[in-house]
Structure formats: structure tokens, C-alpha cells
Peer 1: 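I have a structure here, written as C-alpha cells, and I will follow up with some questions on it.
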2 protein chains.
Amino acid sequence: MTAQEDPDRTVELLWREPWDATSRQGLSIGAIVRAAVEIADAEGIEALSMRRVGERLGFTGMSLYRHVRGKTQLVDLMCDAVLGETVTGTVTGAGTVTVTGAGAETESPAGRSRPGDPGDPGGSGGSAGPGGWREALEAWARRYRALCHRHPWLAGVHGTRYVPGPNSVAGFEHALATVAGTGLSPAEMVAVVGLVGRFVEGEALREAEVARIERRTEVSEQDWWGARESLFAELSRYPTLTAVWEAGGYDEPEDPFEFGLRRVLDGIEVLVRQRDERRDEIASCVVCGATVDRSGTGRPRAYCSRGCQQRAYRRRRSGPQGGIRQ
Amino acid sequence: MTAQEDPDRTVELLWREPWDATSRQGLSIGAIVRAAVEIADAEGIEALSMRRVGERLGFTGMSLYRHVRGKTQLVDLMCDAVLGETVTGTVTGAGTVTVTGAGAETESPAGRSRPGDPGDPGGSGGSAGPGGWREALEAWARRYRALCHRHPWLAGVHGTRYVPGPNSVAGFEHALATVAGTGLSPAEMVAVVGLVGRFVEGEALREAEVARIERRTEVSEQDWWGARESLFAELSRYPTLTAVWEAGGYDEPEDPFEFGLRRVLDGIEVLVRQRDERRDEIASCVVCGATVDRSGTGRPRAYCSRGCQQRAYRRRRSGPQGGIRQ
DNA sequence: ACTCCTTGTTTATGGTGTAAACAAATTTAT
DNA sequence: ATAAATTTGTTTACACCATAAACAAGGAGT
């Protein structure tokens, strides 16, 4: 979903509006989002319609439009609501989803999770010392996957212009912290987190689809493929495929998530090791590339001079080149 | 899409039916699929409807149902049609898509590509000697990505029960051949190809979505994020994110595809090297794990005894454990 | 000439998101 | 207290969508 219209209103809703403020006749954003999540969890995102949500709450479908701009915005809110789940908490039951959306400035008592909190989608702890980044990043990936399992529609809904809410950003912050101090450049850190995040989403998407179809058609993946004899008859003309098949390549398949995650993390580790080698070498200015004095103590300098520091600042002010995404 | 109903009919259509057989009043499967691809290419998959396809051909929407079971089957056919494109060929123009579906057994003159053909979606050449697997696999990934660029709906439509057609299988065969002879186990070969394939699809999905939204809303990704000042105001409380931002992590972002592909291939290379080390060591029986005699010459044995070979055979006969997917 | 089959059309059903007009109730201003 | 304004939910309407079912017309086989 894309929040195509009025993303600023979505930001407002996500970050500054109290979701539990019930209107005169009892409708509230929190209730709407919660009902929508319940429907999507139980029957899939394609079963989610404005009418369904409204009627579940005892209203008409159109009543929602007084609180929410439209369906795409509702989905945006659903995403962040769900991303705010405590990792250990129960999930899809009626009203279990924590959708408190109290103001960010006001330290509300029933406040939401903050970056670094054990309750954020990132979970506990940052990078646990040098070399600990891998365990932490892997754990983050697994928690994210578990979340996608609990809400099978989530992975299929994350768009490129998804407006990030507090819970989404908290998770991203945690993941970034995970690879901080590895010697990766800032851009590489962002890329690493994005890569792992999209990997998880991709795999979760498959897994969710398999589960959904198996439930709907009541025929397992294995049975379905086993019944495709008319297809297998055509496959004997492909030598490599046949060889792989006959060598038992499909008897005990690798788990796609486990296999993929290991490969991706291995690939990242290769990069980290590369950067690690150069960490102690001469640093270069981020702007002009000139060598930077290493005083040996304190925070290492990023710029060779005040001039370059200022140039970097001006460049930043002109706006980002790509979106901030999880 | 899932081909939920009557997949055997889809197999029939993909592998054995001639698509160019025009009926009395001029409708044919080939024409239908071609028109559908044109619409989806030009206006996105969400603009594709049975009515649109029918009317583009001068018929009603219902007329299609005499040739195609329903929309999901049509999408399945579209996939394989598009997967059959010559890599170098032109693309989205009217009628350029090669959707010849002549029989597989009969060597039709305007026949489709075969595994290993330079014209298959896999492209030319298998693994180019030892160590060449990486270049070949990378090239395959890039071709697949290019295909997804030409048909932005493709990546978002590949499901787990997608019925593979001849072009799809040819591409898969090629990719498998790419990693044959690396010392990977058959199951690992399948997993590697699946990982890379899904990575490409995932990235292509994002790229397609960005392009689609940018075209529809006429505001670039950069401009859109630049306009989210009300959001940025909230972000200063996240220390790592702020640090990354201030260090210029978003000034020159890594290209997600290039970065990710390198990581994934690096990760695979780690695995390949692991297997390579053990290649010359003592092999173990695939079934019972016992050591296998290495005669030193000829094809290395996979089983320790005739008994284990037979057991493996019976296990294979009972059907596959997972689907064959690209 | 008669029947059967193929193919395209018409009609109908139940679903979707949401714009616009409307009605009631509460809040605010006077 | 009274009137105006605002909020909030409802009704109606529109333009789509996939597709089931009945129907009509033409060709092929006998």
C-alpha cells in the first residue's frame, strides 16, 4: 500500500494523534485498526474491506471514512500497529494488538515502545560487542519473520512509500544499531539492513502464500506437486533438472529461509571482514577523500577540515537521495 | 497467481496445445495472452481485466472464458509467454512477444526455445569451467532482472503453485546447470537457484513499484521523501538513525540490487568453497552416511551399497517433498 | 435434414472503493 | 437560552470487477 494521498495526514495519525479517543458513538481509530487487523489475520488481506471492518464494529462501511482517509491509509496504520507488538506477547486474539497511538512528545502512561526498548519490534539489545553483530542481526531477522507469520498479510503490503510510524522506525533503529561499529560505512549499514529486511519479507511472503493456499484448497503443497504427473512427463528432456531430481535433490530440500539467511549473513560477513581489515588503516575524509589525522584517542574524525564538515552539512540539508525504509 | 482450479488443464495449455489455432471468429489463446501482456505492460497488472482484454480484441469479456478457464489461468499463461522472450529481442511493442505454444514433441518450425538455446530466458552457455559458476549465475540474475523490468508485473505474480511452462523450466534448467559441478549437493543447487531467483524477484518488485508510483503520481521518490518534513521532525530521537543520517548514509545510497547481489553471491561462494574443500575428501553415502569407497577414477559413487541405492530410489518414487520452483 | 459441438453474447449476481447528499447530535458562540 | 457551526454516522449512487447461467448462431458429422 502506498498512502498515495495525503501522507502528511498519515504522519499526523501515526505520530501525534491519540488512537484511543473514542468519538460520540464509540468509533475510534484504534478500534478500526484493531478490527481490520483481526479480519486480515483471520481471513487474509483480500478479505479485508471497508464494509467488513465497519460492520464488525456495528457500523456501516462508510462510517470509517470520517476517521480514516481511505483503505490505503488504513493499511498503513495496520502495519505500524502490528509492528508494535511485544515479541513475546500473544497475538491475533480479539483486541490483543497494541495499537496505542498516544502523542510522541507527551510521555503518556500507556505510552508506546521507544527505540531500544525490549518491547520494540527489534527486541532486546544492540550489537553485543565486536563480532556480535551477526547473532543480533540474525535474531532480528527471526523476530521479524515470526511477526510476519503471525500477520501473514504484512510482508505483502510493505511498499516503497510506506509511511513509517514509531514502531516501524524503532525496529529499523534497532537493526541499524545491530551493525553499528562493524566498520561498515553508513550507506552500507543502511543497505545491509535493507537487504536482510527484504529477504525476510520475501521469504515470509512465500511462506504465507503457501499456508494460505493450503488452508483454502485443503491440499498440501506436497500433494499438489505430487499430483502434477502430466507435468513431470514433460520434464525428462531437461538434463540437469533430471540429474538433480534423480540424485535426490528434492527428497530433503533445504529450508529456503534457513539456507538463504545463512548465505546472506555469510555474504555480509565477507564485507564486514573486508572493512575490518581497513579499519585501522588511514581514514579518509568523507567529502574530499583526503587523509584525516588520527589522534588515536576520542571519537575518530569524519572530515578533514571544518570546510568539508560544512559542505557535508549543506549537502544533507538539500534532502535525502533515497527513502528511509525498513 | 495460483492456478487454483484445474492445473492439469493449464499444463495441457502450456505444453501441448497450439496457441496460434484461431477459432472461427478469430479468437485464439495466443492472441488473448498477447493482448493481456500488452495491457499489463502498458498500464500495470491492476489494469488488467477480462473485459479489457476482450474488448481490445473486439469481443466481450466473457468471450475469453471459452478459451481460458479464468483470470488466474490467463496470468499463468502470460508468465510463461513472457519468460520465452529472446534476451536480445525487442519487447513490449504490439505483438512482439513470442507466445508460440506449439507442441513440445513436434519440432515446429516457429518452435519455442529449448534448454541451452541462446534464446531461452537463461541465455547462452552453462557453467564456464570451474569457478565460472559465479559469472554465469550473476549473468542469469541480471537477465532475469532485465526481463522483470520489461514486464513490471512479472515479479509480483510468481506464486508457489505457479504451473511452470516450457520457458520457465528452460530458464530453471539453465540456472541449475550454472551451479552444476561446483561440489554443491543437489538440494543445495536447488536452494541456490531459488535464493537468487527470489532475490531478483524481490528487488524487481520494489523497482517496479517505484517506477509505477512515480509515473502515476508524477512525483519522484526523492521529491516524495524530501517532502516528508513532518516525519523527519520525529526522527531525531533515534540515535543510530540520526548518526547514520548525519554521517551521510543517505547521501549516496548503495544500489540495492547491486549491493544485494554481491552479498548473496559472496555468501554462495563461501558455501561453494566449503564444499570444494571436502570434494577430495572421503565421501559419505547419501542415504546412511557411511563412507563410500573412492576408486579414484570414473564417476564418484553416491551410495555405499546397492541396498542404499535402492532405498533412495524408492524414496524418490514416493513423490517430491517440495515444489519445483524457479 | 437432423443433431451435436464449438464459440461468442446477453443477462444477472454479488462483490469492491468511495463520492455526495443527508440527518442527527453535540459543541460553541452569541 | 438560543442559534450557528462542527462532528459523525447513514443512505444512496456510481463505476468497476470476476464469473455463473442461459441463450443464439454457425459448422461438422451423420
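These figures come from a predicted structure and were not determined experimentally.
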Peer 1: Look at all strands and tell whether A:Leu48 reaches a base, only sugar-phosphate, or nothing, counting heavy atoms closer than 4.0 Å.
Peer 2: sugar-phosphate
Peer 1: Would you sort out whether B:Glu209 and B:Arg216 count as a salt bridge (charged side-chain N to carboxylate O under 4.0 Å, His left out), showing the intermediate values?
Peer 2: CA-CA 10 Å; B:Glu209 196 194 345; B:Arg216 184 162 50 82; over 6 Å; no
Peer 1: Is the closest basic N to carboxylate O distance between A:Glu221 and B:Arg161 below 4.0 Å?
Peer 2: yes
Peer 1: Starting at CD1 of A:Ile45 and ending at P of C:dG15, how long is that distance when rounded to a whole Å?
Peer 2: 19 Å
Peer 1: Where the side chain of B:Lys71 is concerned, which of C:dT18, C:dT7, D:dT19 is the nearest nucleotide?
Peer 2: D:dT19
Peer 1: Checking side-chain hydrogen bond (donor to acceptor under 3.5 Å, both in side chains) against B:Arg145, which of B:Glu207, B:Glu203, B:Glu201 comes through?
Peer 2: B:Glu207
Peer 1: Without decimals, in angstroms, what is the distance between A:Leu64 CG and C:dA19 C1'?
Peer 2: 15 Å
Peer 1: Send over the distance from B:Met62 CE to D:dA22 P, rounded to a whole Å.
Peer 2: 13 Å
Peer 1: Can you check whether A:Thr60 has a side-chain N or O nearer than 4.0 Å to OP1 or OP2 of D:dG9?
Peer 2: no
Peer 1: Does a side-chain N or O of B:His67 approach OP1 or OP2 of C:dT6 to a distance below 4.0 Å, or not?
Peer 2: no
Peer 1: Rounded to whole Å, how long is the line connecting atom CZ of B:Arg51 with atom C1' of C:dA12?
Peer 2: 12 Å
Peer 1: State which of D:dT19, C:dG8, D:dG9 makes the closest approach to the side chain of B:Leu27.
Peer 2: C:dG8
Peer 1: Just the rounded figure in Å: distance from C1' of C:dA20 to OH of A:Tyr65.
Peer 2: 13 Å
Peer 1: Is A:Ser63 close enough to D:dT8 that one of its side-chain N or O atoms is under 4.0 Å from OP1 or OP2 there?
Peer 2: no
Peer 1: Closest-nucleotide mapping onto DNA chain C: is B:Arg66 or A:Gly70 further toward the 5' terminus? I mean the 5' end.
Peer 2: B:Arg66
Peer 1: Can you see if the side chain of A:Ser23 gets near the phosphate of D:dG9 - specifically, an N or O under 4.0 Å from OP1 or OP2?
Peer 2: yes
Peer 1: Between A:Phe59 (CZ) and C:dA25 (P), how many Å, whole number?
Peer 2: 14 Å
Peer 1: Might you work through the salt bridge (charged side-chain N to carboxylate O under 4.0 Å, His left out) test for B:Arg215 and B:Glu43, ending with a clear yes or no?
Peer 2: CA-CA 10 Å; B:Arg215 213 165 40 129; B:Glu43 304 174 51; over 6 Å; no
Peer 1: Just by modelled atom types, is the A:Ser220 backbone N or O under 3.5 Å from a matching donor or acceptor in the A:Trp225 side chain?
Peer 2: no
Peer 1: Report the distance from atom CD of A:Glu46 to atom C1' of C:dG15, rounded to the nearest whole Å.
Peer 2: 13 Å
Peer 1: Take the protein atom CZ of A:Arg24 and the nucleotide atom P of C:dA23, then report the distance between them rounded to whole Å.
Peer 2: 17 Å
